[in-house]
Structures are given as C-alpha cells and as structure tokens.
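Below: the structure, in structure tokens.
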Amino acid sequence: MATKVYMEALSPTMEEGRLITWLKKEGDEIAEGDVLAEVETDKATMELVARGSGLLRKVILPEGETASVGAVIAVIAGADEDISSIIAEAGGDGAAPPTAAAPAGAAKEAEEKGAAAAAAGPAAEGTGAVATAPAPAPAPSAAAADGAEAGGRVKASPLARRLAKQGGLSLDQISGTGPGGRIIKRDIEAALEGAPAAAAAPAVAAPAPTAEAAYADVPLSQMRKTIARRLTQSIGPVPHFFLTIEIDMTQAMELRKKINERFADQGVKVSPNDLIIKAAAMALLRHPWVNAAWTGEAIRQYSDVHIGVAVAVDEGLITPVIRNAHRKGITEIATEVKELAGRAREKKLLPEEYTGSTFSISNLGMFGIEEFTAVINPPEAAILAVGAAQDKVVVENGEMVIRNRMRVTLSCDHRVVDGATGAQFLQTLKSYLEEPMMMIA
Amino acid sequence: MAVITYRDALNQALVEEMERDPDVFLMGEEVGVYNGAYKVSKGLLDRFGDMRVVDTPITELGFAGLGIGAAMVGLRPVIEFMTWNFSMLAMDQVWNSAAKLLSMSAGQFKIPVTFRGPNGAALQLAAQHSQALEAVYAHFPGLKIVTPGTPADAKGLLKASIRDDDPVCFFEGEMLYNIKGEVPEDEDFVIPLGVADLKREGSDVSIITHGKMINLVLQAAQQLEKEGISADVLDLRTLRPLDVDAILRTVAKTNRVVLVEEGWPYSGITATIAAIIQEEAFDHLDAPVLRVTQADVPMPYAKGLERLAKPSVELILEKVNRVLYR
C-alpha cells in the first residue's frame, strides 16, 4: 500500500517547513524509520523520517521549497503500484507549489488516512480478533504495533484524538498500545515527551541574480520569519519601558577569577554572564512580579526561574533555557550555558531546550556595547540587557578610583512590571553582583 | 454519630417525618400490627395509631391508588410495597396516574406520595421475587427515583422523599436492612434528591453505581487499591433527578468508566448513563464504557446459578481491568 510522506510538525510552533535536502532520491529503497530529508522548521533543522516502507516513487516538494504542515511532499510505494491519484491529489505532477495546495483539510486527511502508512508495514495479524474475543483477555500491547485497521483508519480513543490535536501531533506518527493497536492517552503522552532528533543544518543562501542594480534577495528563513512575527507582536502591543542601573563588578570579577583558577583542571570556565544569570535568578526569586508573564486574563508569576539566554547564531538568535537557574551553582550554569550555546549555533537544540523560559538575558558586552535595550520575549514580563564591564574612574569617598563597572537595562512590560517594581529588582540584582557572597548566604 | 442499621435508619426517618408533619401517614400490607414484613415500621402503630399507620389487604392496585388520591387532596402518604416485585400489580396507578397527574392537570395537582419497599434479589427467592426494578420506573417521566445504598443515605433520602411534592419511588436494597453505618441523629439531616456522592476518590478509573451495588463496588475498589489501581467511586443515590455534572466530572478525571447496576442490561440504568457519557464527555474517553449488570435472564433459583447471574466483585474487577487495557 502506498504511503504518503507528509510535511510533519517537527516543532511545537511549526506551521510550515522548508525542504533543505532530500537524503533519498526517487527509486531508492526505503525502510520504515529511514531519514528521508532534512527540513528547516521555524527553529532548527530536523530530520523527516519515513513512516512506511517501499520505493521512494515520487518526490513532490523540490529542495528549497516550503510546504505547510500536513501537505503531501512525497510518495513511498511498491515498484509497480499506481500512485497517480495520490500525486494528482497532492498537486498535479509536483510542479505546482505545494504551499498553496495544503489547506487545513490536508492535515485532517493526514489524521484520517495516515494509517495507510502504518498498514504498509507487516500487518499485526489477529489484533482485531483480540478485541472481539469473548474471553476478556487484555490485548498484548507489544503485538499492537500500529494503530491501523485494515480499512486504513487510525484507531484512537476520543481522548487521544483530542490530545493529539492539542499537541499538534499527527496520529499516524504514533504507535497505539491499546487493544488492536488503538492509540490511547498514554501513547500521546509518550509521544509528546519524546522529541524528534535534530539534524545538522546545511548553510542555505540563495542569492538571486538580476539584471537591475546589484542586490541579493536572501530568502526568509523560518527563524527570521518567527523573529519578525514575534518582535512585531512584542513592540506593538507590549508597552515597554526601560530602567538602567550601573553595577560595580569588581568583586564579581574577583570571584570569577578565583572560581576559574580553582576549577581550571576540570575545564570549567565561568563568564561574567554566568554570574549575571545566577544573580538574576536569585533576584527573580525575591521579585516574583518580574519573574512573570502577561496571559491576557492574569499575571502569571512563576515560582521557578527558567532563564533564557540569548545566543547569536548565523541567521538570527535563539534563547536556550537554563532551567531552575536559581537552584544551580555558578559552575553548573557555566557548563550548561556553554553546552546549549554550542548546540544552538549548530542548530541542534531540541524544542524543549529553547521554550518555557520565564525571564531572558541578552548580553552584548563582548561586542563592546556599553548599554542597550533588549526587546521583551513575550509572554515574559521583562528582559535584561547587559553591557560591557569596563574599568572606569568613579568617585568614592571624595577620591577618584578605578572600578570595574557594568550597565544593565531592564526592559519591562508595563502591564506587569511597574517602575518601582523593576527598580527594586535591579537593586537586588546589583547587591548580589556587588557582594557575590550574598548569593550563597 | 450513632452506628445503626439501614432498617433503623429508615424507621428513624419515618418517625421524624411523622412527628414533624401530621399529614404524613404510612400505608401497606402488614405495616401496622406485624410491624412491617421487614420491620421497617416497627413501633409506628403504637406511636402514631391506626389512623396514620394503616394495614391494607393484599390489593396493591387499590392502596397505591388510594395513596395517590390522598396526595391529590394534600396528604403526604408513604406507601409500602412489601417488595417492589409486588408493585407490578399497581403499575397503572404509579405509571399512569402518579407520574402524569401533575402534567395532565397543568400543574393543578401535586402528588407528594412516596412509594417504598425492598428491591432486588435476596437469596434464592427465584425469578418472580428477585428483581431490581428501578430502571422500569425510571423510564417514566414524572417519577423521582431514589436508591440509597447506605444507612445514612437511606435516612437522609427518605426524609427528602417524604418532603418532596412529586411522586417518589424509593428503592431499598433487600439484603441491606441489616448493614450498619454511621447515621446523623439531627432531625434536619436531609439529603437533597439529585445529588450524587463521591464515595471514594481515585484517579485511574471511575466506577459509577447506585443502590445496593455501592457496597460491592467499594469492596472491589479496595481490592484494586492493593493492585495499585485507584478507583473513583461515584454513588448516584438518585436516578431522577440524575446528577449528570458529577458523572461528567469523574469521567473527565479518569477518562475510563465502568458502570455497575443490579438490574438487567437491556434498557437498563447503565445503558442510559453510558449514552449520556458518550454524548456529553466523548472527548474525555480513553476506552469504551463498560458495564456490569445482572445476567440477561430471569433470576435462577439454583444457588450456584443465582450466584453466577448476579453482579459480583469479581465481575467488577474483570471489567475494570478491561477498561484499563490490562
């Protein structure tokens, strides 16, 4: 039986994906589970896995093109199977842009008919008999490898269907463990927990030569589209204001030096930013109004602190999340930031590694920027913009002394954070960094 | 709180309501001199006299009709059927008159009558005397259907039934008269009709039942707990009005449902509940709704067969395991 290859939702927010590379070509033998292609989502480049076996008979979506989630982008089938109707249904001979040919109905169809994919594998014989057997023998879950009935319909409980829809999952991607392979709640939960593996991202840039004045149209990456959409959302409806404070980093830098000397043999290297993450996390615990989000109906104050750390990557930026930063030590934070930032640059972050932050920090100090304002990452209530720590002459007790000073700016969503609230948070942050011992006291 | 029997709880309810309201009277076969076939009316004749505790001949159609007539003119009769098996002789009065008079008189006649008596199988009383008939009565709009499963519910619900202005069919569990439980002595202890009771909290499966079966279900839930399964046990207590919200709440909580009733499966109470669940809570279901009922046969007399025909703890456990896909 022919298996349609769908553009799948490979990240929680993905609505469409761009086909980067077909790793198989027409005529190749495909086994279920083979990696067929690399797809660029709004966040990362992911692998698209075959849901059925046979020959890759038809590639519908060309490399570099974009298709909506649920669109049919290729067909896997037996060597002499007639697949003309599938191709016709998917948008002619493949020349038509599938982006346009992927209405909401396609996703629904994927759910309804996707079982065809699973049914193409070795059929789980006799599973139907188990369900109707007079003896109340519970169906062995192992035998129920897929959720497909002979008719090509996915068997799923009503609850599982609802949860799958909410979670953006397509039922044909899920193996059912209920009677006769029925997909039930626990299968959806398992699928939502396990994230698909990330793949390496090839560089993409397709400059378009033209006859007019020299210019290059760089196609919008999914990430760039997301940034544009999110920031427009933010600066538009979110009423921002900004608070700047200068912090004396002398003691913090001394502490950093000591830690780095002490942990040098373990390969740990703490950056000033790691200290700021720790200090911010501790300060957020004391200022729940800043560790908060605007939900429209309420102000959500988080009891844990998950800090998003803005990392510049080739095409934009992404914010990997240090979860429970308030409970982590400085060296632990340093190790984690280094690891996540490294994978962010390689575009290998999993969706759960860059979602769910409660507060964000953006640091441009390493570029020599002394002070700037960062744009809030909605629905968070604030973001901290960190400038460079520099030696400056300051007046202390009537004398000029040289101190290491750093300016930070808090962008606040005024719907959640008021001026004094933000200022108090900054004071706490400042006190932690100026007397870092307070962080462990 | 005093621990008393289901029988004494019903007796307390009758005494308290007859003391409270002189319009309340009891009528039926052997309710007076003999103190009731099941001794529910023990002492009432001595206490309230033969104008309010009335022995009748074996004439179900007659005294049921008399009770309805008395209710039409403002009294609050309690009519005892020696068992609900005998109520079938009074079907026309209960279904055709009591149930419909309010509607057919355009609200001019309230019928505050309570029909009560033992219901369901006892031990080896054979097909004609071992019937759980609440589903039959529940079929008729206009009747309220009450099925207490514990002594406290028996007292609180009987008092509510007597005070209710509609005809109420009150199904006592035969075999329950001797079970004991804590019962409030407060005269104002009244359990409103139409409110189910979550008798046990759990998260894995909902077992919904009513009447006598609550006792089997709670035993099954205890057994399940030992196997690591946590059951939410909902006792409907009244079938009309039905506490649909409580049903939907437990379904939303556990996503899996086993329904238990003492009567037959065909057109049974559980059939109705299952229909309501699929209509109202379809998207909450992770498994088909399963039912435990009496076997779809007239009750056998033979002891072994009778045991096999009745709902049992084992049957409940089996259905729970199936609904959990275990």
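A, B, ... follow the sequence lines: proteins, then strands. Residue 1 opens every chain.
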inquiry  = Would you call the rings of B/Trp84 and B/Phe171 parallel, tilted or perpendicular, taking 30° and 60° as the class edges?
reply    = parallel

ask   = Do B/Tyr137 and B/Ser87 meet the criterion of a side-chain donor-acceptor pair at a distance under 3.5 Å?
value = yes

request  = For A/Asp304 and A/Asn324, indicate whether the former's side chain and the latter's backbone hold a donor-acceptor pair under 3.5 Å.
outcome  = no

task = Verify, without hydrogens or angle tests, whether B/Arg240 (side chain) and B/Ala138 (backbone) share a donor-acceptor contact under 3.5 angstrom.
result = yes

ask   = Hey, what do you get for CD1 (B/Ile269) to CD (B/Glu262), rounding to the nearest 0.5 Å?
value = 12.0 Å

key: Under-4.0 Å salt bridge between B/Arg326 and B/Asp204   = no

query = Applying a criterion of heavy atom separation less than 4.5 Å, what residues of residues 283-296 of chain B form contacts with chain A?
reply = B/Asp283, B/His284, B/Leu285, B/Asp286, B/Ala287, B/Pro288

